[in-house]
Asks: 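Have a look at the structure that comes next, please.
For ligands, and for the atoms within them, numbers begin at 1 and follow the listed sequence. Index from 1, following the sequence.
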Amino acid sequence: MSNLLQNGLVVAGFGRHVMVETDAGERIICHPRGKKNTAVVGDRIKWLATQDEGTIEKLEPRKNLFYRQDEIRTKSFAANLDQILILIAAEPEFSESQLSRALIAAEAEHITPIIALNKSDLVGPYAKAWKRLQPYKAMGYDLVSLNLKVKTDEQTQLLKSLLQGKTTLVLGPSGAGKSTLINAVVPNATVFTQEISQALNSGKHTTTSTTWYWVDEAKTTALIDSPGFQEFGLNHIDAMHLASYMPDFKVHVPNCKFYNCTHLHEPGCGVLAAMKISEKQYENDGARRIISLERYRIYSSLFAELSEVRY
Ligand SMILES: Nc1nc2c(ncn2[C@@H]2O[C@H](COP(=O)(O)OP(=O)(O)OP(=O)(O)O)[C@@H](O)[C@H]2O)c(=O)[nH]1
Ligand SMILES: [Mg+2]
Ligand SMILES: [Zn+2]
């Protein structure tokens, strides 16, 4: 037992405890000092060994922190991310509002999102879902198609090129295939998942804790599995900043007459003007400049939600 501070990386979090990977590659449970556990997956920390476990002594500064926030609490997903792979599927049918919220939260933290649509084998629902995602492609997001049930060289290559050398959080609703993706890319993922569910005494199929996986032995590429989310609160975001986190809105904002335009009712609003012009008229101008009705609905209801007076 040593009383020296050691470096560690948080690789899993459950409640107030975290699993820390040491420089030597060992994994130990660490407990927070004091009441609040502020360490999340992806955090670099300094820890101190106790009997067979450890205590968290210091958090290193973060590059970013991806989180959601509702009226009651703040829920952190992970820290120090390079990108977020938003995984949705043909089934269960995804919510465009939840997708937009995840994209806005990523933009607010300057983390690049990629949208992946899984289960292309479910032909009918897949075609419908793919169509719903076209506006997101048009506003500049990378959109990829997956069928994680099968393993093809082409798909392995695609995933490799998307993930290599980066730390990627895999995010999405329950049942989209996040854990399936991790298992397809990480050689011994199932083993580690079992270790963790043993430590937690659970053993359910659905993911209950956020977990870090190294993809390669050199430890240059990492994937983070996360539990499926239902609600994505954006209470930490200022309603007046929303449009700047929505690329389809952002391009029109410079045309607004008032600098503090809400894009809800103002005269001379660039966003509202863009809404009035039909897709046909925009054809020559590029699809990028279209705001879909659904996105405008999402914006206005989010705006109302975030501008409510909170006590
Ligand atoms: N048809 C089809 N099923 C798939 C595909 N990929 C994954 N699945 C299935 O979808 C189900 C859910 O997959 P998971 O990987 O557990 O989903 P998850 O996103 O980790 O779900 P949570 O842990 O609950 O958040 C499993 O039964 C998978 O076998 C696919 O490409 N096509
Ligand atoms: Mg899972
Ligand atoms: Zn405006």
Asks: Using the Zn ion (ligand 3) as the vertex, how large is the angle between SG of C256 and SG of C261, rounded to 10 degrees?
Replies: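 Rounding to the nearest 10 degrees gives 120°.
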Asks: For residues T168 and Q83, is any side-chain donor paired with an opposing acceptor at under 3.5 Å?
Replies: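 Yes, a side-chain donor-acceptor pair sits under 3.5 Å.
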Asks: Is there a donor-acceptor pair closer than 3.5 Å between any side-chain N or O of Q134 and the backbone N or O of W130?
Replies: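 Checking the backbone N and O of W130 against the side chain of Q134, a donor-acceptor pair under 3.5 Å is found.
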Asks: Is there a polar contact between ligand 1 and P227, counting only N or O atoms under 3.5 Å apart?
Replies: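 No, there is no polar N/O contact under 3.5 Å.
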Asks: Which of the atoms in ligand 1, numbered in the order shown and given with their element, are less than 4.0 Å from a heavy-atom of G228?
Replies: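 Selected atoms, number and element: 25 (O).
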Asks: Restricting to N, O or S atoms of H263, which is nearest to the Zn ion (ligand 3)?
Replies: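 When I compare the N, O and S atoms of H263, ND1 is nearest to the Zn ion (ligand 3).
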Asks: Determine whether the aromatic ring centres of residues Y141 and Y136 are separated by less than 6.0 angstrom.
Replies: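 No, the ring of Y136 stays outside the 6.0 Å limit from the ring of Y141, centre to centre.
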Asks: Which one holds for L146 and ligand 1: side chain close, backbone close, both close, or neither close, with close meaning a heavy atom under 4.0 Å?
Replies: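 It is neither part, as no heavy atom is under 4.0 Å.
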Asks: Please state whether the separation between the Zn ion (ligand 3) and some N/O/S atom of C269 is under 2.8 Å?
Replies: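 Yes - counting backbone and side chain alike, C269 has an N, O or S atom under 2.8 Å.
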Asks: Look only at interatomic distance and state if S120 has a nitrogen or oxygen under 3.5 Å from any nitrogen or oxygen of ligand 1.
Replies: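 Among all N and O atoms of S120, none is under 3.5 Å from an N or O of ligand 1.
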Asks: Taking atom types as modelled, find out whether D225 and S179 have a side-chain donor-acceptor pair closer than 3.5 angstrom.
Replies: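 Yes.
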Asks: Tell me if the aromatic rings of F232 and F77 count as close, with their centers under 6.0 Å from one another.
Replies: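 Yes, the ring centres sit under 6.0 Å apart.
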Asks: Any N or O of L148 that comes nearer than 3.5 Å to an N or O of ligand 1?
Replies: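 N/O-N/O distance below 3.5 Å exists for this pair.
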Asks: Using a distance threshold of 2.8 Å, state whether an N, O or S atom of S179 lies below it from the Mg ion (ligand 2).
Replies: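 So S179 counts as coordinating the Mg ion (ligand 2), yes.
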Asks: Do F249 and Y299 have ring centroids that are under 6.0 Å from one another?
Replies: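 Yes, ring centres under 6.0 Å apart.
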Asks: Please identify which atoms of ligand 1 are closer than 4.0 Å to at least one heavy atom of K178.
Replies: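 Near K178, the atoms of ligand 1 are 15 (O), 17 (O), 18 (P), 19 (O), 20 (O), 21 (O), 22 (P), 25 (O).
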Asks: Do the side chain of S226 and the main chain of T210 share a donor and acceptor less than 3.5 angstrom apart?
Replies: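 Here the side-chain-to-backbone pair does not exist.
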Asks: Which of the numbered atoms in ligand 1 are under 4.0 angstrom from any heavy atom belonging to N147?
Replies: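 This gives 30 (C), 31 (O), 32 (N) as the contact atoms.
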Asks: Does an N or O from L122, backbone or side chain, lie closer than 3.5 Å to an N or O of ligand 1?
Replies: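 Checking ligand 1 against L122, no N or O pair falls under 3.5 Å apart.
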Asks: Is the backbone of L158 close enough, under 3.5 Å, to the side chain of S161 for a donor and an acceptor to pair up by distance?
Replies: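 Indeed, once roles are kept as given, a pair shorter than 3.5 Å links the two residues.
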Asks: Just checking, is any N or O donor in the side chain of W214 or E21 under 3.5 Å from an acceptor N or O on the other one?
Replies: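 Yes, because at least one side-chain N or O of W214 sits under 3.5 Å from a partner of the opposite role on E21.
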Asks: For ligand 1, is A176 a contact, meaning one of its heavy atoms is under 4.0 Å away?
Replies: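 For ligand 1, residue contact (heavy atoms, under 4.0 Å) with A176 is present.
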Asks: Using distance alone, decide if ligand 1 has a nitrogen or oxygen within less than 3.5 Å of any nitrogen or oxygen in K119.
Replies: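 Such a contact does occur with ligand 1.
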Asks: Measure from atom 6 (N) of ligand 1 to every heavy atom in L117, L87, N118 and give the option owning the shortest one.
Replies: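 Looking at heavy atoms only, the winner is N118.
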Asks: For residues L143 and L133, report the shortest heavy-atom separation together with the two atoms involved.
Replies: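 So the two residues come closest at CD1-CD1, 3.7 Å.
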